[in-house]
Amino acid sequence: MEGLFGNTPQPSAGSLGVNTHSSAPLAVRMRPRTLDELVGQQQLRAGGSPLRRLVEGDQSMSLLLWGPPGTGKTTIAAIVSQQTDRRFVEVSAVSAGVKEVRAAIDSARSELARGGKETVLFVDEVHRFSKAQQDALLPGVENRWVTLVAATTENPFFSVISPLLSRSLLLKLESLTDADVDDVIGGALVDERGYAGGAHLETDAREHLVRLAGGDARRALTYLEAAVGAATSVGERDDDGRVVVTLELAETAVDQAAVRYDRQGDQHYDVTSAFIKSIRGSDVDAALHYFARMVEAGEDPRFIARRLVVLASEDIGLADPTALTTAVAAAQAVQLIGMPEARLNLAQAVVALAVAPKSNAVYMGYEAAAKDVRAGKIGTVPPHLRDAHYGGAKKLGHGEKYRYPHDEPHGLSTQQYAPDVVGDAAYYEPTSRGAENAVRERWERIRSIVRGSRSGR
């Protein structure tokens with residue numbers, strides 16, 4: 001089930017709910033049966049929400065579920081079917097064509113004609129459908145022969161045709177938090193469908209599985225099942241007879257070592273500091289190493305993106321004016337795509353910023369200006385720069401002798417802009433590195449014209 005827990009192909013109507021036998025994967029057995037059992041997505045489960053009204057009010061409306069893997073898309077489709085006593089039919093966009101889509105809709109229409117149940121048609125990865133395949137869904141949606149629940153991990157405004165978008169209610173699912181994933185694991189340990197209290201995860205082993213899950217509940221349960229299986233084969237039990245899963249067993253079971261990285265402790269700050277300093281020092285390999293440690297440990301990608309945006313202005317500035325654009329684009333990609341794919345967007349930004357020429361002139365310029373302001377060097381605005389658009393302003397001399405730069409040669413006019421107290425201040429001192437060298441040469445010429453004889457340059 002691609003939703004909250006797993007993605008098992010469903011060959012026939014209603015088959016999603018019957019894989020609860022003991023040999024079924026843990027992720028399938030632990031699939032939520034009601035909205036209240038669904039972990040995370042509080043905004044969708046709230047009282048009066050469209051999803052709550054659909055399930056509890058038994059209203060027919062088509063849904064388009066957009067979110068990262070493992071957040072509950074398929075689960076929601078199954079809940080809509082089970083809690084409203086509808087048939088459930090799943091069509092995978094990976095393997096189905098127009099023929100299969102039409103057959104599913106025709107079957108649902110025939111069922112209604114016989115006075116039977118309504119049908120929930122779940123289309124997984126609907127973004128993989130061609131326009132013709134998506135068009136084939138429209139009659140069933142328009143005539144309400146089916147309640148369509150379509151799931152996508154990609155932005156539907158780019159991947160789903162407008163007619164289908166306009167006929168469906170778009171629900172955006174958020175990545176599960178670590179606390180959500182921990183709740184999923186905790187539930188599986190005590191639930192009768194899971195281990196019913198027969199297994200115990202040591203704290204560091206549990207934290208390891210949560211980090212590896214990366215907000216994907218299905219992945220968390222898959223790893224948990226592997227870890228408990230490994231512990232069972234070893235046979236180690238505690239005084240209560242429970243199978244004990246240690247960190248070492250968890251590492252062996254999922255074939256991935258635990259990254260020693262506490263997001264609330266020294267490791268977080270030390271690795272982050274080394275990451276930023278490696279980029280500042282233009283060591284691409286070291287920067288990628290620390291970046292990988294952060295990602296593999298489950299660090300919030302938004303935190304990494306924010307640090308890159310800050311660094312682009314603080315340590316690169318106008319030495320490479322594209323650095324900020326690159327960092328912001330990576331941050332937007334994190335929001336648009338999500339992990340794990342966005343790790344590549346972030347990695348690209350890390351490399352670009354590491355190899356870029358460096359300058360802290362913008363940072364130093366601001367700090368110098370702020371230091372004067374904090375020291376009380378405020379001064380009054382020169383009269384010729386003051387607002388002259390209100391009645392009586394001219395009588396006060398506001399705006400007089402102001403020289404409009406666009407009327408001057410080269411668009412520059414010699415006049416005082418700063419208050420007297422900081423009239424000779426030189427805050428921004430461009431370097432000669434990268435593109436800032438051209439900025440430096442231009443700024444020196446501009447300053448000599450604007451300040452005239454007061455420039456001293």
Side-chain angles (χ1 to χ4, degrees), residues 1-4 6-13 15-16 44 50-51 54 59-78 80-81 86-113 118-175 329 332-342 344-345:
M1 161 181 171
E2 194 285 328
L4 189 51
N7 186 16
T8 305
Q10 306 304 320
S12 61
S15 62
L16 189 66
L44 302 184
L51 182 59
L54 172 63
Q59 300 175 344
S60 294
M61 66 176 75
S62 292
L63 302 179
L64 187 57
L65 306 175
W66 172 28
T71 52
K73 297 186 290 297
T74 306
T75 292
I76 288 174
V80 170
S81 172
R86 292 184 172 99
R87 297 169 65 242
F88 186 95
V89 177
E90 180 176 1
V91 175
S92 174
V94 176
S95 57
V98 173
K99 179 180 178 181
E100 287 78 9
V101 171
R102 289 176 175 165
I105 293 176
D106 288 342
S107 174
R109 184 181 182 184
S110 298
E111 180 73 13
L112 287 175
E118 295 182 21
T119 299
V120 172
L121 175 60
F122 177 65
V123 179
D124 194 16
E125 298 189 80
V126 69
H127 57 272
R128 293 181 180 269
F129 264 175
S130 66
K131 182 180 182 300
Q133 290 170 307
Q134 292 186 35
D135 282 336
L137 294 168
L138 291 176
V141 174
E142 289 179 333
N143 295 288
R144 289 191 175 175
W145 296 330
V146 297
T147 296
L148 175 67
V149 180
T152 178
T153 56
E154 296 189 4
N155 190 329
F157 293 102
F158 297 124
S159 58
V160 177
I161 60 174
S162 296
L164 195 56
L165 268 175
S166 64
R167 290 165 174 79
S168 305
L169 180 64
L170 177 62
L171 300 181
K172 191 174 187 303
L173 284 73
E174 303 294 339
S175 294
Q332 291 175 334
V334 169
Q335 297 293 335
L336 179 66
I337 300 174
M339 298 296 276
E341 291 85 355
L344 300 180
N345 306 113

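Side-chain atoms of S159 and H127 include no donor-acceptor pair closer than 3.5 Å.
Residues satisfying the side-chain hydrogen bond (donor to acceptor under 3.5 Å, both in side chains) criterion with E111, sequence neighbours excluded, are R114. Under the side-chain hydrogen bond (donor to acceptor under 3.5 Å, both in side chains) criterion, K131 pairs with D135, not counting sequence neighbours.
Residues L137 and L121 have side chains in contact (heavy-atom distance under 4.5 Å, counting atoms from C-beta outward). Taking 4.5 Å as the limit, some side-chain heavy atom of L164 sits within range of a side-chain heavy atom of L148. Contact of the W66 side chain with the L173 side chain is not registered, since no non-hydrogen atoms from C-beta on lie closer than 4.5 Å. Using a 4.5 Å heavy-atom cutoff, the side chains of V91 and F122 are not in contact. Residues S62 and L169 form no side-chain contact, since every pair of their non-hydrogen atoms from C-beta on lies 4.5 Å or further apart.
Atoms CE and CG, from M339 and N345 in turn, are 9.5 Å apart once rounded to the nearest 0.5 Å. In this structure, L64 CG and R167 CZ are separated by 13.5 Å, a value rounded to the nearest 0.5 Å.
No more than 12 heavy atoms of other residues, nucleotides or ligands lie within 6.0 Å of CZ in R102, so this atom counts as exposed by the packing criterion.
For the pair R87 and E118, the salt-bridge criterion is not met [side-chain N within less than 4.0 Å of a carboxylate O].
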* side chain to side chain contact (heavy atoms under 4.5 Å, CB included) between T119 and W145, intermediate numbers included -> CA-CA 7 Å; T119 299; W145 296 330; over 6 Å; no
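Of the listed residues (V126, D124, V149), just one forms a side-chain contact (heavy atoms from CB on, under 4.5 Å) with L65, and that residue is V149. The residue from L336, V160, I337 that alone fulfils the side-chain contact (heavy atoms from CB on, under 4.5 Å) condition with N155 is L336.
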